[in-house]
Amino acid sequence: MEKIDLKSLENKVRKKIEKAESLKELDTIFKEVFGKDGEVKKISKIIPKLPKKQRKIFGEKFGKMKESLMEEFEKKAKELKEKAEKEVEEKEWIDITIPPPKAPIGHYHPITLARRKIEEIFQSMGFEVVEGPEIEDEWHNFDALNIPPDHPARDVLSLGKTFYLKSGGLMRSHTSSVQIRYMEKNSPPLRIIVPGRVFRLDAIDASHEIDFWQLEGLMVGKDISVANFKAIIEEFLKRFFEKEVKIRLRPSFFPFTEPSFEVDISCVLCNGKGCQVCKNSGWLECGGAGMVHPNVYKNCKLNPKEWQGFAFGFGMNRLVMLKYKIPDIRLFNSGDLRFLHQF
Ligand code: DAH
C-alpha cells in the first residue's frame, strides 16, 4: 500500500490554484484534480482497499481535503471572473461626455451664393427667375436674336466662338437665347432674369474662361424705357454690393437691341477713385444692354408696335469676382478646396 500524503497533495494543488491567471487555466487544474483521471479519483479508488479502521480516519481527512480544495477553487473562480469582468468593463468603457469629432461642413460655391442673392433681389422687384437649355439650336442662340449666319456680329461679339456638337446643336454662347424661349411661350408684360452657364471657345487666362456664367435680364411692357433699366440696375447693384454704385451707359451695338449700350459701373473696390482693378479709370465694364430690337419681337410672334422693353446681359463671374475680391476667373472651375472653403 503506497503512502498517500494528503497534506502535500493539498499544498501542491493550493499553490497551483493560487498561480492560475485565467478561468481557463483554473479549469484545467480542476480537471487534473477532480476529473475522471484526476488525483482525487485515484485516491477514492484506493480507499475501499484500506483496512477498516484506517479507512474511516483517512476517509474523513480525505473528505475534508476535497471540501476545502473545492472551496478554494470556487473562491479563485469568483476572483478570476470578477477580474475578467473588470477588464472588459475598462476596455469597453465609453465616455459619452466626449464631444464627437466634427463632421466636415461643405461650402457653397461663390457662384451659388451670388446667384441666390441676385435672385432674391430681382424677385423682390417682381422678376421671375427662368432657366433654359445649355444645349441650344441656331434659331434660339442666333437667328431669332437677329443674328443671321453671315452677320459680322457673330465674330465681333465673339459669339462665333461657339462650340458646335457633332450630334447637332451647340453649347449656348450666351443666355440671350432664353429671351427667345421665354417670349415664344409667354406674352408681355414680363420681367425675367436668367442666371446661367454659357460656353465659348477662348484662350483661358485670369479673366477669360470657356465655361462661365451670365446674368440675362428682360423686361417688356407697354412703356418700358431706358430710365426703368437704369433704376432697376442701380437698385440691383446697390443691394448686391451693399453700397452705392453709379452706372454709366456707353453707346454700343448688339443685333438684338436698338439702341444698345455697354454698361459700366463705378469701381466697387476704389469707389471710383482709380485703382489697379479699374486701371485708374474709376469704371468697370459690367456687360451689354439695350432696348429690345423690333425683329426680336417679330421672331417671337409679338407685335413690336405694341411692346417695348429692355434687355441686358452681364458677366456674372465678373460681378462675383468684384464682390468677393477674387483675382482670377480660373478659380471658379478649379475645384480647389482652399478656394471654396473661404465661402
Ligand atoms: N448676349 C450678349 C453677349 O453675350 C450680352 C447682351 C448684350 C445681352 C445686350 C443682352 C443685351 O440681353 O441686351 O455678349
Side-chain angles (χ1 to χ4, degrees), residues 118 122 127-134 136 138-148 151-163 170-184 188 190-202 207-221 224-230 232-233 236 247-265 284-297 299-300 302 304 307-319 329:
I118 291 167
F122 275 102
F127 281 73
E128 188 190 339
V129 179
V130 174
E131 283 183 15
E134 287 170 5
E136 262 301 359
E138 297 256 352
W139 170 253
H140 292 95
N141 198 73
F142 294 124
D143 302 63
L145 285 160
N146 202 30
I147 325 171
H151 198 291
R154 285 212 188 187
D155 291 330
V156 175
L157 298 175
S158 78
L159 293 172
K161 296 176 174 177
T162 302
F163 289 104
L170 49 88
M171 303 302 290
R172 71 175 173 203
S173 50
H174 55 175
T175 41
S176 301
S177 54
V178 188
Q179 286 187 32
I180 305 300
R181 289 201 173 265
Y182 193 82
M183 285 196 288
E184 280 173 340
L190 57 89
R191 300 176 195 197
I192 60 164
I193 56 157
V194 187
R197 272 169 88 184
V198 299
F199 309 86
R200 277 182 206 177
L201 179 62
D202 226 329
S207 49
H208 294 87
E209 250 291 0
I210 58 170
D211 171 352
F212 58 103
W213 285 72
Q214 281 189 335
L215 174 66
E216 190 82 16
L218 177 68
M219 181 172 179
V220 177
I224 307 298
S225 69
V226 177
N228 295 114
F229 169 72
K230 199 162 178 278
I232 280 170
I233 293 309
F236 157 63
I247 74 166
R248 179 174 82 170
L249 306 181
R250 283 182 289 122
S252 184
F253 172 79
F254 297 105
F256 34 91
T257 45
E258 182 56 39
S260 304
F261 17 83
E262 288 307 320
V263 183
D264 294 340
I265 62 173
L284 297 163
E285 280 179 24
C286 182
M291 298 304 289
V292 179
H293 195 287
N295 288 350
V296 173
Y297 291 121
N299 289 333
C300 299
L302 294 172
W307 303 109
Q308 61 182 30
F310 64 78
F312 64 89
F314 294 164
M316 214 163 115
N317 298 68
R318 190 86 206 280
L319 294 175
I329 196 170

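Counting starts at 1 for both ligands and their atoms, following the listed order.
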Problem set entry | Residue T257 vicinity, atoms of ligand 1 by number, heavy atom under 4.0 Å | 13 (O)

For this session: Taking only Lys NZ, Arg NE, NH1 and NH2, and the carboxylate oxygens of Asp or Glu, determine whether E209 and R197 approach each other closer than 4.0 Å.
Result: no

Exercise. Rounded to the nearest 0.5 Å, how far apart are CD1 of I232 and CD1 of I224?
Worked result: 7.5 Å

Problem set entry | Mutual orientation of the aromatic rings belonging to F312 and F314 [parallel < 30°, tilted 30-60°, perpendicular > 60°] | tilted

Problem set entry | Those atoms of ligand 1 less than 4.0 Å from some heavy atom in G290 | 13 (O)

Exercise. Mind checking whether F312 has an N or O less than 3.5 Å away from an N or O of ligand 1?
Worked result: yes

Problem set entry | Nitrogen or oxygen of A311 less than 3.5 angstrom from that of ligand 1 | yes

Exercise. Quick one: which ligand 1 atoms are inside 4.0 Å of a heavy atom on Q179?
Worked result: 12 (O)

For this session: Give yes or no for whether the N/O distance cutoff of 3.5 Å, strictly under, is met between Q214 and ligand 1.
Result: yes

Problem set entry | Heavy-atom nearest neighbour in the protein, as seen from atom 12 (O) of ligand 1, with distance rounded to 0.1 Å | E216 OE2, 2.6 Å

For this session: Considering the heavy atoms of F254, write down every atom of ligand 1 situated less than 4.0 Å from one of them.
Result: 7 (C), 9 (C)

Exercise. Should the pair R181-E136 be classified as a salt bridge under the 4.0 Å nitrogen-to-oxygen rule?
Worked result: yes

Seminar exercise, completed: Residue, atom and distance of the protein heavy atom nearest atom 11 (C) of ligand 1 read F256 CE1, 3.5 Å

Problem set entry | Given R172, E184, Q179, the one that forms side chain to side chain donor-acceptor pair (under 3.5 Å) with H140 | E184

Seminar exercise, completed: Under 4.0 Å from one or more heavy atoms of R200, ligand 1 contributes atoms 3 (C), 4 (O), 14 (O)

For this session: Report yes if some N/O of S176 lies less than 3.5 Å from some N/O of ligand 1; otherwise report no.
Result: yes

Problem set entry | Separation between CD of E262 and CZ of R248, rounded to the nearest 0.5 Å | 10.5 Å

Problem set entry | Distance-minimising heavy-atom pair for E216 and G313 | OE1-CA, 3.9 Å

For this session: Using the six-membered ring wherever Trp is involved, compare the ring planes of F310 and F229 and label them parallel, tilted or perpendicular (cut-offs 30° and 60°).
Result: perpendicular

Exercise. Hey, does G287 sit under 4.0 Å from ligand 1 if you only count heavy atoms?
Worked result: no

